[in-house]
Student: 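So that we are looking at the same thing, I have put the structure below in structure tokens.
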Amino acid sequence: MDTQIKPEANRAEKPVYRPTDIESKWQKIWEEAGANHAPDDDSRPKFYNLVMFPYPSGDLHIGHWYNYTGVDVFGRLMRMKGYNVMQPLGFDAFGLPAENAAIKRGVQARKWTLSNIAKMRSQLKTMGGIWDWQREVITCNPDYYKWTEWFFLKLYEKGLAYRAKAPVNWCPSCQTVLANEQVLADGTCERCSTLVYKRDLEQWFFRITAYADRLLEYKDVSWPEKTMLMQRNWIGRSEGARVNFKATGWDSQEYDLPIFTTRPDTVYGITFFVLAPEHPLVEKLTTPDKQAEVNAYIEKARGETDIERQSTDREKSGVFIGSYVISPFTGEKVPIWISDYVLMGYGTGAIMAVPAHDQRDFEFARKFNLPIRLVYMPDDRDLSEDSMNEALVHEGHVVNSGAFNGLPDNQETVKQFIDHIEHEGLGNAEVNYRVRDWLISRQRYWGAPIPMVYCDIDGIQPVPEEQLPVLLPEEVEFKPTGESPLKYIPEFVNTTCPKCGGPARRETDTMDTFMCSSWYFLRYCSPLFDGGAFEPNLIKKWMPVDQYTGGAEHATMHLLYARFFTMALHDMGYLNFEEPFTRLFHQGTILRDSKKMSKSKGNVVAPDVLVNQYGADAVRAFLMFLGPFDKGGNWTDTTEMQIGGIYRFLSRVWALVTDTVAFDKGGSVDSKIEAAVRRLQHKTIRRVLQDLESWQFNTALSGLMEYNNGLIKMAQDTPAVQASVAWREALDTMLVLLAPLSPHITEELWQITGHETSIHIETLPIYDAALAADDLVTLVVQINGKLRERIDIPADMGEEEVKQTVLSAPKIAAAVSGATPKKIIYVPGKLVNIVL
RNA sequence: GGGCUAGUGGCGGAAUGGCAGACGCGAGCGACUUAAAAUCGCUUGAGGAAACUCGUGUGGGUUCGACUCCCACCUGGCCCACCA
């Protein structure tokens, strides 16, 4: 291979650094030796090092490399620390892109997916990671999705799966359901530009809300605070009360209208009542004279896109529907309105409006000239309903509330109101969650089938376990609209009822791919096991995952679903732990010109060219050198130029080590020089190990570069040092510390320097503080906090003597010029600050 | 609107409250070469001949001492977004 960067060999007898040759050589040797496989029977302690598996889009880009290199560096480090490291990889293989390829290019989804996997697997192998390919898991294979279906049945048995109506994106022109990704920002269909609207469909849900409180616990896990906070906000636990109101419909019947509020202490402030436009009682409570207006409003709300409806800063809208509720607290008639700021999906879809103390209600009241009544008054000033221009939230003391007047705004007051509500039989304390049940139905072809059948006689019936898997047909034809072809395959749809044996229809929806990724980490433990989803003893051996690494964007979806799954399986007795991932780390994202890389945007950076030119070792180290691993980076046109620096570094390591080999071992060298070598060696061990263990790969590398530069300098100054034992050990240290980052060159040099076993099973060097200690330390001398001088002093000099030495230094003495210092600050080994 | 996070040379970035700019890229000069590339050496925050002065988004504060801690603001990124 010819590149302009590569140095010529300056001596014929020395081996030349040819990265690609070395890399393919060692990758082959490692693979044949099974070096990357984590055996199930092994006496070392286990370490399960997991990375979020990729979607097989077809091309491995530099972002994948970044992510997987960091994980591999950490895995290799743990292996060198003596762990039996299991580091598997697989493919999250169901999903929309395969279906789009099938529609647009007429290639079968399965074929497309598997050829992408083959390509990505071979690309991945070039990075020289310790991926345990014997454990590979592909979620679209029947031996995997059989168990995805099985989990569905188990959740169904436990009452955690249920069917309900939910809105989907419906394109009236294509006559099909669209995924959120297929709806453009302006609310139109990506295929035909028709306006998409919401339509209710019967779909399957998982009752994740039943686990909301448990999901807030985080038992025995060490996760980033940020991620837990995101999940907590997502789950959104709110304590409050349910209060029952009653209203009379135009049919003279009385209807219950419960509401949920977090502010039961403001019930006396209610001046109107609002229902979500979709609320089922709207029809009964709308008086005939309001019918037309109300219907028009509901129509309008339905036609709005999510983006429109969710925008906070739009003006409030709504319609009075003609009926009233009676406030059980004040006995007043309170008008009922509908408005889209009340959501059917949260609480009861109805609220009591207290405009004086809720900003949204306040805006609504002002817009429609509805009354406002203060039930809290600030302690330090007067406020009037007419002049206030925003709601008063959490301030002051209770007023206008009968026996409660005078109470302060606090939890105790809220509790007294709830007690009162419960005592009067008007309602009860209640906790609500923002999180909704998990909708897993997808009106898509390329996913795991939902193992359910519909019988005219027996209704909904689960497919019996022994009939699993419900196989997904592989040769299918798509309608031009992109509709799921499953509906039109009679052999798939028509089946028999497991209960009565009569004719029945299969469910044609498939499962959300998050379902597949909610348990893949369990499958890695026994990927070939066919007696169940996993082999219980191997689960006990490997789980929970010790280290999980992946993007922060999965905080509220995948990471929550996987925890829910694990907890549900624990409760069914399949697992003896509740949290799947003990430690979590989010790597940063590599952007291209400040934008996310994606195949669809066409802005991906391919690693292949760089790997061919500089070798995988250089690309790995280069990516890790860009910055802190959790920060990611912005890839611009000049970024690539930096790889030359890493390549030079590796070449210099190569030259340093191969130069030494020419020297005879066992020569003697001045003990002072030997001590200097040891000092540099042990200082490096300390900082580099510390950095590697805390994922600071960029500073670990700069530490190694400084080490390399230091050793080169020593060899130049005193060539004889290269014959010493200390020198050989110093080079061993260099190679061992560099091995996790650049595994091939270090393995090659390890062999060249006469070692007979792989460098990657070496144990890490141990830091010796005594060897690292300096005789002299450089002391910084400041006057009034400003740097004035640097003085070398013996490391063991006492404080008084240090101060005297400093004060008698000519520059300092001149600056002080006879004045008496007010104070002298002494930080041992670091600095002296003289305050004048 | 809320939450989180970041802001340091021409660039990527480094600094348990203690020498700002480590390490690397790029650039400049030099050596080697007929020449170029590669390699090696030196220089490289700004101003200044130098002594020295200024300098980590802006403005305050705490401290002997602040890139680092506190307050306010400005700008970017990410997540959530009318959740009663």
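Throughout, protein chains are lettered first and strands after them, A, B, ... in sequence-line order, and every chain is numbered starting at 1.
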Student: A:Leu560 CG to B:C79 C1': how many Å, rounded?
Tutor: 14 Å

Student: Closest to the A:Tyr341 side chain: B:C80, B:C82, B:C79?
Tutor: B:C82

Student: Which part of the nucleic acid does A:Glu706 contact within heavy-atom distance under 4.0 Å: base, sugar-phosphate only, or nothing?
Tutor: sugar-phosphate

Student: Is the distance from OP1 or OP2 of B:C64 to the nearest side-chain N or O of A:Lys823 less than 4.0 Å?
Tutor: yes

Student: Measure from the side chain of A:Arg434, starting at C-beta and using heavy atoms only, and say which of B:C11, B:A81, B:G24 lies closest.
Tutor: B:A81

Student: For A:Thr209 and A:Asp437, does a side-chain donor sit closer than 3.5 Å to a side-chain acceptor?
Tutor: yes

Student: Between B:C54, B:C79, B:A84, which nucleotide gets closest to the side-chain atoms of A:Phe260?
Tutor: B:A84

Student: Quick check: any donor-acceptor pair below 3.5 Å linking the side-chain of A:Gln642 to the base of B:G26?
Tutor: no

Student: Using only heavy-atom distances, determine whether the side chains of A:Tyr341 and A:Glu363 contain a donor-acceptor pair under 3.5 Å.
Tutor: no

Student: Check every strand shown and say whether A:Leu229 touches a base, only sugar-phosphate, or nothing at a heavy-atom separation below 4.0 Å.
Tutor: sugar-phosphate

Student: Of the nucleotides B:C23, B:C82, B:C64, which one has an atom closest to the side chain of A:Asn709?
Tutor: B:C23

Student: Roughly how far apart, to the nearest Å, are B:A84 and B:U5 at atom P?
Tutor: 23 Å

Student: Separation of A:Glu553 atom CD from B:C79 atom P, in whole Å?
Tutor: 8 Å

Student: Can you tell me the distance, in whole Å, between the OH atom of A:Tyr346 and the P atom of B:A81?
Tutor: 13 Å

Student: Using a cut-off of 6.0 Å, state whether more than 12 heavy atoms not belonging to A:Lys367 lie near its atom NZ.
Tutor: yes

Student: Using a 4.0 Å heavy-atom cut-off across all strands, classify A:Ile351 as base, sugar-phosphate, or nothing.
Tutor: base

Student: On RNA chain B, compare the nucleotides closest to A:Gly785 and A:Lys631; which residue's is nearer the 5' end?
Tutor: A:Lys631

Student: Which listed nucleotide (B:G18, B:C52, B:C11) is nearest to the side chain of A:Ile825?
Tutor: B:G18

Student: Between B:G13 and A:Thr699, is there an OP1 or OP2 to side-chain N/O distance shorter than 4.0 Å?
Tutor: no

Student: Taking the same atom, P, in B:G9 and in B:C4, what whole-Å distance lies between them?
Tutor: 27 Å

Student: Go through B:G3, B:C25, B:C23 for me and flag the one nearest to the A:Asn233 side chain.
Tutor: B:G3

Student: Expressed as a whole number of Å, how far does the C1' atom of B:A46 sit from that of B:C73?
Tutor: 27 Å

Student: Could you check which of B:C64, B:C4, B:A84 has an atom nearest any side-chain atom of A:Leu343?
Tutor: B:A84

Student: For A:Leu741 and B:C23, give me the distance from atom CG to atom P, rounded to whole Å.
Tutor: 19 Å

Student: Mind checking the P distance from B:C67 to B:C54? Whole angstroms is fine.
Tutor: 13 Å

Student: So what does A:Arg652 touch, heavy atoms closer than 4.0 Å: a base, only the sugar-phosphate, or nothing?
Tutor: sugar-phosphate

Student: Would you measure the distance from the P atom in B:G55 across to the matching atom in B:G65 and give it in whole Å?
Tutor: 16 Å

Student: For the side chain of A:Arg788, starting at C-beta, report the closest nucleotide among B:C80, B:A20, B:U53.
Tutor: B:U53

Student: Would you sketch RNA chain B in dot-bracket for me? Only Watson-Crick or G-U wobble pairs with both distances under 3.5 Å count, crossing pairs as [ ], other-strand pairs as |, the rest as dots.
Tutor: (((((((..(((.....[....)))((((((.......))))))(((....)))..(((((..]....))))))))))))....

Student: Please confirm whether the shortest side-chain N or O distance from A:Asn698 to OP1 or OP2 of B:A14 is below 4.0 Å.
Tutor: yes

Student: Is A:Arg436 touching bases, backbone alone, or none of the nucleic acid, heavy atoms closer than 4.0 Å?
Tutor: base

Student: Quick one: which of B:A84, B:C80, B:C54 gets closest to the side chain of A:Lys786?
Tutor: B:C54

Student: Which nucleotide wins on minimum distance to the side chain of A:Asn833, given the candidates B:G12, B:C64, B:A81?
Tutor: B:C64

Student: So is A:Arg434 actually on top of A:Trp234's ring, under 6.0 Å and inside 45° of the axis?
Tutor: yes

Student: Quote, to the nearest angstrom, the C1' distance that separates B:G45 from B:G13.
Tutor: 15 Å

Student: Classify the nucleic acid contact of A:Asn634 as base, sugar-phosphate or nothing, counting any heavy atom under 4.0 Å across all strands shown.
Tutor: nothing

Student: For the backbone of A:Gly269 and the side chain of A:His357, can you confirm whether one donor and one acceptor N or O come within less than 3.5 Å of each other?
Tutor: no

Student: Whole angstrom is fine here: how far is it from CD in A:Glu278 over to P in B:C82?
Tutor: 13 Å

Student: Taking for each residue the nucleotide of RNA chain B bearing the nearest heavy atom, is the 5' side occupied by A:Ala350 or by A:Ala552?
Tutor: A:Ala552

Student: Is it the case that B:C82 (base atoms only) and A:Lys316 (side chain only) share a donor and an acceptor within less than 3.5 Å, ignoring hydrogens and angles?
Tutor: yes

Student: Taking only side-chain N and O atoms of A:Arg648, does any of them lie within less than 4.0 angstrom of OP1 or OP2 on B:C40?
Tutor: no

Student: How is A:Thr636 classified with respect to the nucleic acid when contacts are heavy atoms under 4.0 Å: base, sugar-phosphate, or nothing?
Tutor: nothing

Student: For A:Lys226, answer base if it contacts any base atom (sugar-phosphate contacts may also be present), sugar-phosphate if it contacts only those atoms, and nothing otherwise; contact means non-hydrogen atoms under 4.0 Å.
Tutor: sugar-phosphate

Student: Rounded to the Å, how far apart are A:Arg263 CZ and B:C82 P?
Tutor: 20 Å

Student: Whether the side chain of A:Gln359 engages the backbone of A:Ala391 through a donor-acceptor N/O pair (distance < 3.5 Å, no angle test) should be reported.
Tutor: yes

Student: May I ask you to say whether A:Asp340 pairs ionically with A:Lys300, meaning some side-chain N is under 4.0 Å from a carboxylate O?
Tutor: no

Student: Roughly how far apart, to the nearest Å, are B:G21 and B:G10 at atom C1'?
Tutor: 14 Å

Student: Run the side-chain donor-acceptor check on residues 703-713 of chain A: report pairs under 3.5 Å with partners two or more places apart or on a different chain.
Tutor:
residue  : atom : partner  : partner atom : Å
A:Glu706 : OE2  : A:Arg687 : NH2          : 3.3
A:Tyr707 : OH   : A:Ala730 : O            : 2.7
A:Asn709 : OD1  : A:Arg652 : NH2          : 2.8
A:Asn709 : ND2  : A:Met705 : O            : 3.4
A:Lys713 : NZ   : A:Asp717 : OD2          : 3.2

Student: How about CZ on A:Arg686, more than 12 heavy atoms from neighbouring residues, nucleotides or ligands closer than 6.0 Å, or not?
Tutor: no

Student: Can you tell whether the side chains of A:Asp637 and A:Arg592 come within less than 4.0 Å, N to carboxylate O?
Tutor: yes

Student: Whole angstroms only, please: what is the CD-P distance between A:Gln716 and B:U39?
Tutor: 15 Å

Student: Let me see the working for A:Tyr297 and A:Ser317 under side chain to side chain donor-acceptor pair (under 3.5 Å), right down to the final yes or no.
Tutor: CA-CA 9 Å; A:Tyr297 186 80; A:Ser317 66; 2.7 Å; yes

Student: For the pair made of CG in A:Asn784 and C1' in B:A66, what is the distance, rounded to whole Å?
Tutor: 16 Å

Student: Take atom P in B:G57 and the same atom in B:A66, then report the distance between them in whole Å.
Tutor: 15 Å

